[in-house]
Structures are given as C-alpha cells and as structure tokens.
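Quick caveat: nothing in here was measured; it's all calculated off a predicted structure. The chains referred to below are lettered A, B, ... by the order of the sequence lines, with proteins before strands, and numbering in each begins at 1. Every heavy atom of this structure was used, including side-chain atoms; hydrogens, water molecules and symmetry mates were not.
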Amino acid sequence: MSEGQETTETTHGPEFRYSPALAAKIEAKWQDFWDENGTYNAANPVGDLADAELADCDKLYVLDMFPYPSGKGLHVGHPLGFIGTDVFARYNRMRGVNVMHAMGYDSFGLPAEQHAINTGVHPRKNTEDNIANMRRQLRRLGLGHDQRRSVSTTDEDFYRWTQWIFNQIFNAWYDEARDKARPIAELVGQYESGERLCEDGRSYSGLSASEQRKVIDSHRLAYLSDSPVNWCPGLGTILANEEVTADGRSDIGNYPVFKRDMKQWMMRITTYADRLLDDLDKLDWPDAIKLMQRNWIGRSTGANVRFATPAGELEVFTTRADTLFGATFMVISPEHPMLQALTAAENSAEVEAYVKAAADKAEVDRLDATKEKTGVFTGSYATNPLNGQQIPIWIADYVLMGYGTGAIMAVPCGDQRDFEFARKYNLEIVAIQQPTKEWFAEHEMKPSLDCSTWPEPFVGDSQYVNSSNEELDLDQYANVAEANAAIYAWLESKGLGGATTTYRLRDWLFSRQRYWGEPFPIVYDEDGNPHSVPDSMLPILLPELEDFKPTAMDPEDDVTDPVPPLARATEWLEVELDLGDGLKTYKREINVMPQWAGSCWYEMRYLDPTNSEAFIDPEIEKYWMGPKHEGHSGGTDLYVGGVEHAVLHLLYARFWHKVLFDLGHVSSFEPFHRLFNQGYIQAYAYRDERGQAVPAEDVVEEANGTFTYDGEQVTQEYGKMGKSLKNIVTPDDMYDAYGADTFRLYEMSMGPLDASRPWNSRDVVGMQRFLQRVWRNLVDEDTGELTVVDGAEVDAQLMALTHKTIASVAEDMQSLKFNTAISKLIELNNELTSSYQDQPMPRELAVPLTQMIAPLAPHIAEELWSMLGLEGSVHRSQFPQADHAMLVNEQVEMVIQVNGKVRDKISVGKGISDAEAEQLALACEAVTKRLEGEPRKVIVRAPNLVNVVV
RNA sequence: GCGGACGUGGCGGAAUUGGCAGACGCGCUGGAUUUAGGAUCCAGUGACCUAACGGUCGUGAGGGUUCAAGUCCCUCCGUCCGCACCA
C-alpha cells in the first residue's frame with residue numbers, strides 16, 4: 001500500500017490487514033484484469049463468439065431477469081439475485097462447465113419518458129446515463145459476466161429484431177387443426193385453393209381485394225381491434241389488463257383507468273391458452289408461480305346453453321349446467337350487444353339510466369365485490385328449455401362482458417351472487433338439490449326444500465330434486481359430475497349447447513401511445529389496411545422529435561382522445577414504398593410497442609449478440625437452449641428474478657417463444673426451463689412523533705429495546721427501501737465501508753436466496769471479520785508476505801475436515817444454498833485459524849480454501865491465488881474434488897438415550913454391530929443409574945443411536 | 001370470500017429418510033491487546049431451578065401417532081402473498 005493512500009485509511013491496524021482500503025485496491029486490480037483477459041467469456045459453437053476449445057464440456061445458461069436501468073441507481077436490495085446467479089455461475093465455471101452469464105438492459109419504458117417530461121432531457125440521453133451508472137455499480141460488484149454480450153433493448157441493432165419478430169407474429173395465423181402457428185401465406189394458399197371457405201360459407205376468390213384482406217387480417221396473431229381498452233389519461237396511454245390493478249388504477253403511477261373503445265394492436269395470446277397452461281407441467285418452476293399463471297389463464301370447463309328470447313337466442317356460459325332446472329332468471333351485462341333488442345319500451349328509461357350509470361362508474365367501484373348488487377329488469381323473458389318456464393331477463397353490472405358470453409343463467413338456490421340478487425329483487429328461488437343433513441345441521445335448521453328458509457345457497461354434491469321432465473331425469477343423480485354429463489348430452493342432442501371451455505385470459509393489448517418504445521414495422525395503405533414493412537427495411541428507427549412529450553392530460557379526463565407523440569413526426573409519418581403493387585404512399589403506425597416486447601426474447605440475443613443475419617443462429621440457440629431430451633422444454637437452465645413478474649413478463653415471453661417455436665425459428669418450446677424467485681431485501685424505517693421518517697442510519701437502539709433519533713423516541717416499521725422512508729443503503733455505501741467481497745458475502749449469508757429478509761448494516765461486519773481471518777491465515781498483516789508453507793505435514797483431522805467441507809460446499813452451491821455454504825467455510829476457517837495461530841499454514845489446505853471462497857468472494861480469492869503463485873485465474877481453476885475416502889470417519893459419536901432423552905454420547909467404531917452397541921449402551925452409567933431391572937425395550941440404530949426404554 | 005406460503009433464542013437464520021434443536025453470523029457478557037476503541041483477537045451466551053454436580057422446560061396454541069416429533073396426522077390462532085362478482 002502506498003504512503004499516500006495510508007492517510008485515507010479510516011481504520012487503524014497493521015499495514016496489510018484486509019481493510020476496506022486494501023479490499024478496494026485488490027478489487028479494482030482484478031476487475032481490470034478480468035475485463036482485459038475476458039475471464040468470463042463464454043464460447044459459442046459457431047459464429048463470431050465461437051471457440052474451438054468448447055469440445056466436450058457441458059454448458060449452462062444462467063440468466064437474471066432483465067433489469068430496467070432506473071435513474072435512481074441501485075440499492076442493496078437490487079443485486080441480491082445477481083450475486084446469487086454469479087456465485088452459481090462461477091462455481092459451475094470452476095467445474096469445467098461452459099457457462100453463459102451476461103447482463104443487458106431493458107431500457108425502453110415509461111420512467112425514462114416521464115423523466116423526460118419533467119426535465120426536458122431526451123429519453124435516450126437519460127437512458128444511456130442510467131445504463132452507464134448501473135454498469136459502473138454492477139462492475140464494482142465483481143460480477144462474472146461476458147461483457148461482449150451486453151445488449152439494450154434501445155439499441156437499434158436490438159430493436160431491429162424485436163420488429164422482425166413482430167413481423168413474424170403479424171404474418172402468422174393459428175392452425176387449430178395442427179395446434180400451431182403457421183405463416184400467413186399458407187392460410188392464403190388454403191383460401192385460394194378453395195380448401196378453406198370463409199366463415200360465412202362464401203368462397204375467398206369471390207371476394208374483393210379489400211374483403212380478402214379483412215378475412216386474412218382476422219386470422220393474424222397480431223391484429224387491430226376496436227374493443228374496450230384500459231385508457232389511462234394520467235399516463236396518456238392505454239394499458240394491458242395485467243397493468244391495471246384490482247382497484248382499477250394503473251400499475252405505474254396509480255392513475256385512474258377508464259374503459260373505452262379504441263382501435264389498438266392486440267396479440268392473440270388466447271390461442272395459446274391451453275399450451276401455456278399445459279406446458280407448465282414441463283417446467284421446473286416454483287409451484288406458487290405456476291399456480292398464479294394457471295389462475296391468470298383461468299381455464300374453466302363448463303357448457304354453453306342457448307335460451308330462446310323474443311330477440312333471438314341468448315347464449316350463456318355456465319360451469320353448473322346441471323342446475324338448469326333451477327334457473328329462474330337471467331342476467332346480462334350492461335354492455336351486452338342484445339340489450340337493446342331485449343329492452344321493452346316501458347323499461348327502456350330505467351335500463352338506459354342503469355347502463356349510463358354503469359358506464360360512468362370508475363372501474364374501482366364497478367369491481368367492488370363487497371358492495372350490494374344492483375340491476376334492473378329489461379322487460380323481456382327467456383324460455384327455460386327444460387321446463388318451458390318464462391324467466392325474466394335482467395341487466396346487472398355484476399355480470400362482466402369480458403368473461404364467458406357476458407350473460408348468465410341465474411340459479412339462486414345454488415349460487416351466492418344469484419341468491420343475493422334474487423333475495424334483493426324478490427325473484428323466484430327453487431331448490432333443485434336436497435342439501436345434505438350436515439348442511440342443515442351447520443345452519444342449525446330443519447331440512448326444508450323451501451328456499452325462503454335458507455340462509456345461503458347450497459353448493460356441492462347432493463341428491464337432485466325437481467330436476468326432471470319427460471326426456472331428462474337428473475333426480476336419479478347425487479353428484480355434480482354425473483348430472484353435468486347427462487345434461488351435456490341432452491343439450492347437444494337438442495342443439496341447445498354443449499360442453500365448452502372458457503378462459504379468463506384475454507388477448508394482449510400491445511400498443512402504447514408513447515414515444516420511448518419500439519416503433520411498429522407497420523404502414524397503412526389508403527384504405528387503412530395495415531401492411532408489415534419488409535424485413536430488409538428494418539429497423540424502423542424512432543424519429544427524432546423536437547418535442548417528444550406526449551400531450552399532457554388531466555388524469556380524470558376520460559373523453560379526449562390520446563395523441564401519440566409520433567403523430568408530430570410529420571416527415572417520418574408518411575413514406576413511399578413499393579410493397580408489391582407499385583410505389584405508393586403509406587402512413588406509418590404511430591403507436592409504439594409496450595415495454596414487455598424487448599424482454600420477450602432478450603435471453604436469445606445474449607447468445608448471439610452480433611448476428612446481423614438473424615435474431616439468433618439456430619445452431620447457437622440449440623446449443624444453449626435446446627431440449628435436453630425428448631419431451632424436455634428446453635430454455636435457460638436457470639432464470640432468477642422477483643416474483644413480481646409471475647404473470648406479465650413470464651407469460652408474454654412464453655407466448656412469443658412458442659410462436660417462434662411453431663414457426664421453426666427455435667428448437668425449445670419454453671424460454672425458461674428452471675425458474676427461481678429470489679426474495680426481497682427490505683429494511684427498517686423510523687418515524688418521529690409527527691409521523692415523519694427520520695434517517696434510519698442515525699437511529700440508535702437503546703438498551704431497553706426502544707429506538708431514538710436525536711434523543712427523541714421514534715417508532716420502527718419494516719418495508720421497502722425508499723427515499724421517502726429515508727432508509728436506503730446503496731451498494732456504493734457498502735463498497736466504501738467494506739468492499740465488494742464482504743458485501744457479496746453478507747447478502748449471500750443472510751438466509752436462503754428465495755427468502756425475503758431485513759437489511760441490517762451493522763451485521764455486515766461479521767463477513768468482514770471472516771475475510772480478515774482468511775486473509776490473516778495466509779498473509780502476514782505487517783509485511784503483506786504470504787505465510788503459506790510447502791511440504792509441511794498436514795494434520796489428518798484438518799485434512800478430513802477440509803474434504804468434508806469441499807463435499808458439502810459443492811453440494812450447497814449446486815443447490816443455491818449459499819448461506820449454509822458460507823457457514824461451513826467459516827467453520828473450516830475457524831478451525832484453521834486456531835490450528836495455525838503460531839505457525840504457517842500448509843499449502844495443501846490454503847489452496848482449496850482459496851478456491852472454495854472464489855465463487856463467493858472472487859477478488860480476495862484471485863489475489864490469494866496469485867500470491868500463492870498459481871497459474872491463470874482462480875476462476876478458471878478446477879474446483880477442488882472431495883476425496884470420499886476421507887469423508888468416512890472411523891470413529892463416530894453414538895447417542896445414548898433413555899426414554900428418548902439424550903443421556904450420554906460415546907465414541908464407537910463405525911462398523912459396530914447392533915448387539916455391541918446395545919451392550920455398550922446398557923453398560924454406561926447414564927443408563928445403569930436409571931435402570932431398575934430389565935429395560936422394557938431397546939431400540940438400536942448402530943452406529944448412531946441407542947434408545948433404552950425403562 | 002377463494003387459493004397459496006409460512007410461524008424455531010434478543011435479531012437474521014441452521015437442522016438428509018422422524019433420531020443430539022438452535023450450525024453460522026449479528027448483538028450481548030467477560031477477558032487479552034491498545035494512549036484510545038464504534039478496530040482486532042480469545043472465551044461464554046435458549047429459558048428456568050441449583051453453591052455445584054446436575055435437572056426441568058423449550059420450535060405459534062391445543063390434541064394425537066411413535067421407543068423417539070421442529071419434521072407425520074387433526075383442530076385452532078397469527079403473519080405474509082396472489083386472485084378478487086370469472087358464472
């Protein structure tokens with residue numbers, strides 16, 4: 001250490017103690033070395049990044065969720081997953097595996113644009129600054145990424161391929177017969193040859209060119225739709241369902257969201273609903289996430305039933321067709337297309353008022369399930385097909401247009417909502433099942449089929465009653481499944497409906513009225529038909545705008561139409577193209593893609609970032625992501641990220657990947673084979689008497705367990721790190737106070753990777769002490785010289801402990817249990833510390849110790865490795881192999897229990913027989929003094945345990 | 001309301017198949033070194049009883065199975081998360 005630097009030392013002590021200053025010096029040195037030497041470069045089988053040495057070694061693709069380069073910079077909670085994947089990747093690299101680990105930036109998106117609105121700084125400038133800062137913070141952490149593969153979604157060379165994939169989706173249709181997407185040209189072929197007829201039965205060749213376009217466009221996987229969307233004036237854009245919270249506000253910014261009709265780009269994700277659901281079984285994902293995706297897709301099997309009404313057939317979806325005899329009224333949604341026709345003249349005023357009230361209601365109120373149900377009678381009746389009964393048709397906003405058919409048959413005796421509604425409006429309730437004895441007992445009432453005596457509807461399996469006519473007898477059944485089967489058959493035979501499946505999942509709303517996103521590769525002709533721009537003309541660059549701000553809107557203004565910023569790029573807006581029928585003028589699409597687009601495929605661009613011919617070379621995709629065997633999904637080997645992406649990103653990315661799979665561009669049918677959700681790091685925050693947050697770092701914990709700030713008592717709370725709570729700790733703070741290795745070790749030691757835990761800055765010192773002891777075991781703190789000796793005799797017990805540690809650390813690292821790996825390394829090091837307090841440590845022990853800490857604390861390990869005079873980088877060395885012969889102890893400790901309580905422990909040979917073990921146990925004093933006469937029973941588990949029952 | 005996960009010292013957390021509860025770290029207590037300590041090192045540290053030897057209790061609460069339960073079964077309580085009128 002130079003004299004000049006010593007003055008900056010904040011802690012005293014020997015010159016070569018492993019202090020923060022020394023750590024900083026070591027860390028900077030090796031970070032430069034790794035960059036210069038490409039230590040973490042991964043080898044591709046072909047292409048620019050190919051490496052002949054690849055040969056026979058295994059591959060591993062470790063992936064972190066694509067980070068957004070936030071202007072706020074990182075706090076200590078952000079890198080938790082990054083460190084976890086880094087340790088795992090480093091460990092596997094040391095096992096000789098070709099490891100892919102890279103990091104890029106999901107850099108399009110609203111925040112940069114919102115920042116631009118506030119500051120006037122161009123989003124690109126702002127985004128680039130943020131990426132640079134995040135790169136710096138992550139580099140300082142010592143992550144072993146292949147730097148050559150870092151991509152950003154805002155790179156023109158990246159979004160060129162995002163647009164290319166959009167074209168693939170636009171130019172594809174879903175062939176239900178083959179259950180896969182196919183190029184749209186093949187559909188055109190089917191129509192032209194007459195193999196396929198239009199839905200209305202007309203022949204395709206008889207249609208006008210414009211009509212033909214409409215037919216084809218209606219099959220595309222990306223299509224324009226004029227349907228109700230989530231309009232958020234506060235953000236000046238519309239949002240996907242997934243981006244709207246349960247209380248009808250925007251996920252970002254918490255602005256009100258309104259439903260209104262607008263023409264928008266949609267992605268036909270619903271055609272993939274079954275595959276997205278069923279293929280979850282092929283994935284190694286946490287059950288909780290699979291469940292969330294299953295719920296989101298919401299597949300529900302039931303039946304469609306068509307009721308006769310004066311305005312024609314009214315179709316409903318129900319999961320309980322078996323209760324059709326009990327359907328005593330119907331309810332349709334206020335947005336139902338048949339409402340007009342069903343409304344009787346004398347009811348129209350009331351109905352209109354109700355519809356208007358429902359439309360004016362914010363989503364918040366509309367979706368409040370706890371509020372009392374409301375509705376009005378339309379004046380029309382439908383016919384119950386089973387008993388011919390005329391049943392009234394009501395409208396009510398508890399029936400949603402977005403699910404099923406937007407209409408229901410109400411069976412008040414068997415459905416809570418219908419029951420409440422019938423009670424409120426005095427509609428008929430007829431029992432069609434005899435509730436069980438238990439049910440009546442539970443409600444402390446006498447069995448009765450008079451529903452007016454029931455406190456709630458009966459739901460479940462039970463004997464059917466009042467459910468038969470001349471043709472159908474459900475009264476013979478006592479469970480829902482059998483009754484459903486019978487009625488499905490009846491409905492089908494009568495042509496009144498039949499079994500069907502419906503989904504909660506809706507098509508994905510894909511356009512945004514913003515500036516900072518990928519432009520669509522779409523132009524419109526003079527008739528307003530969309531055409532994709534030829535791949536050869538990609539990328540369609542974002543035009544430079546003087547004023548890129550979206551038109552400012554009042555968050556409550558749900559009337560004014562959105563004006564996307566690109567509408568003001570007047571020169572860019574129109575373009576002359578020859579798309580096959582001569583040079584013509586086209587208008588560009590002025591919406592941009594949502595932020596999810598880039599993250600739907602980025603994991604493949606890491607693999608082949610320089611490819612200018614394809615988004616990825618198929619051979620490279622196959623090498624890194626291809627299925628491992630028949631039926632294997634393929635995809636990344638490990639994907640680590642937060643649970644907040646459970647449905648949005650993970651569902652969209654799976655959908656795109658499947659389209660690319662169907663079209664033959666990738667060999668894997670899932671993008672992420674194994675998913676792991678890291679926990680969150682949260683922090684304590686403190687408030688004074690007025691409820692104001694006070695700086696958490698200056699709060700003192702008193703001896704009595706209370707907390708004070710500036711002598712005043714404050715209250716503790718626990719939550720996210722954030723500016724408003726004044727409890728942010730940044731990686732930079734940690735680098736300064738302890739160094740990156742200590743910080744990494746602390747984050748990994750706090751608990752299992754998937755658990756959330758509180759940050760405690762004062763606890764970090766424990767890991768610093770550990771590294772200081774490791775350092776001191778190998779290096780003289782006064783001279784900085786290595787103290788390790790060659791050829792010294794090694795204590796057999798320490799050697800055995802080292803090998804035991806190797807075996808156990810290796811296992812822990814492979815299963816992402818870094819916290820226990822660290823505890824075992826500390827134990828080993830503590831043993832070494834006490835054994836070699838006064839003498840130098842043998843090289844035979846020092847080398848494996850250095851290698852074992854390398855994945856966790858890469859800088860100090862590299863420094864020690866170099867001081868040990870070893871070749872190359874420790875991170876490219878072979879992880880030590882446990883000698884299994886050394887793991888077997890000849891002597892083991894046998895536990896002696898009396899009545900299940902531990903009374904003694906004796907050392908025995910590991911090969912001891914049950915009989916010998918029993919004899920030894922019965923002879924020991926702890927047993928004899930408790931034993932009167934013969935033991936009642938002796939359980940022997942030699943050589944570990946003997947339990948004497950007296 | 002429905003679904004899911006989880007409850008272990010003062011704190012973060014360990015604990016293959018049921019077989020020594022509390023590894024490791026923080027904090028705390030005592031000691032060493034030091035002009036000094038918010039540095040470093042060493043030792044101790046679940047609770048209770050006991051002068052000590054030793055003993056009793058102890059994994060959210062209650063019950064059960066077992067020679068033996070943090071782990072398996074039943075009932076209840078609490079916390080967190082997801083969905084939320086999905087027909």
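- Geometrically, Arg504(A) engages Trp296(A) in a cation-pi contact defined by less than 6.0 Å to the ring centre and at most 45° from the axis.
- The residue Arg776(A) sits close only to the backbone: its heavy atoms come under 4.0 Å of sugar-phosphate atoms, none of a base.
- The CZ-C1' distance, from Arg506(A) to C83(B), rounds to 16 Å in whole Å.
- Using a 4.0 Å heavy-atom cutoff across all strands shown, Arg294(A) reaches no nucleic acid atom at all.
- Straight-line distance between the C1' atoms of G27(B) and A61(B): roughly 29 Å, to the nearest whole Å.
- As the counterpart of U65(B), no nucleotide is assigned, since no Watson-Crick or G-U wobble pattern has both distances under 3.5 Å.
- Taking for each of Asp763(A) and Ser749(A) the nucleotide of RNA chain B with the nearest heavy atom, the 5'-most of the two is the partner of Ser749(A).
- Base-pair partner of C80(B): G4(B) (Watson-Crick or G-U wobble, both distances under 3.5 Å).
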Are any protein N/O atoms closer than 3.5 Å to N/O atoms in nucleotides 69-74 of chain B? If there are, list each pair with its distance.
none

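- Checking G44(B) for Watson-Crick or G-U wobble geometry (two distances, each under 3.5 Å) identifies C28(B) as its partner.
- Nucleotides U50(B) and G55(B) are separated by 8 Å at their C1' atoms, to the nearest Å.
- Within 4.0 Å (heavy atoms only), Asp287(A) reaches no atom of the nucleic acid at all.
- Between Arg299(A) and Asp274(A) there is a salt bridge, with a side-chain nitrogen of the basic residue lying less than 4.0 Å from a carboxylate oxygen of the acidic one.
- Of the two residues near RNA chain B, Asn830(A) and Gly751(A), the one whose nearest nucleotide lies more 5' is Gly751(A).
- Between the CG atom in Asn947(A) and the NZ atom in Lys937(A) there is a gap of 9.5 Å [rounded to 0.5 Å].
- Under a 4.0 Å N-O distance rule, the pair Arg294(A)/Asp281(A) qualifies as a salt bridge.
- Pair assignment for U35(B): none, as no Watson-Crick or G-U wobble contacts are both less than 3.5 Å.
- The residue Ile826(A) sits close only to the backbone: its heavy atoms come under 4.0 Å of sugar-phosphate atoms, none of a base.
- Using a 4.0 Å heavy-atom distance criterion, Thr502(A) is classed as making no nucleic acid contact.
- Looking at heavy-atom distances under 4.0 Å, Asn944(A) makes no contact with the nucleic acid at all.
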What does the list of N/O pairs under 3.5 Å between the protein and nucleotides 20-22 of chain B look like, with a distance for each?
{"unit_1": "C20(B)", "atom_1": "O2", "unit_2": "Lys905(A)", "atom_2": "NZ", "d": "2.3"}
{"unit_1": "C20(B)", "atom_1": "N4", "unit_2": "Glu893(A)", "atom_2": "OE1", "d": "3.4"}

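- Nucleotide U71(B) forms no Watson-Crick or G-U wobble pair with any nucleotide shown, as no partner meets the under 3.5 Å limit on both distances.
- Neither OP1 nor OP2 of G19(B) sits under 4.0 Å from any side-chain N or O of Asn947(A).
- Across the C1' atoms, U71(B) and C26(B) are found 27 Å apart, a figure rounded to whole Å.
- Comparing the P positions of A5(B) and U75(B) gives a spacing of 16 Å, expressed to the nearest Å.
- Under the rule for a ring-ring contact (aromatic ring centres under 6.0 Å, His included), the partners of Tyr746(A) that lie at least two apart in sequence or sit in another chain are Trp759(A).
- Across all strands shown, U17(B) forms no Watson-Crick or G-U wobble pair with both key distances under 3.5 Å.
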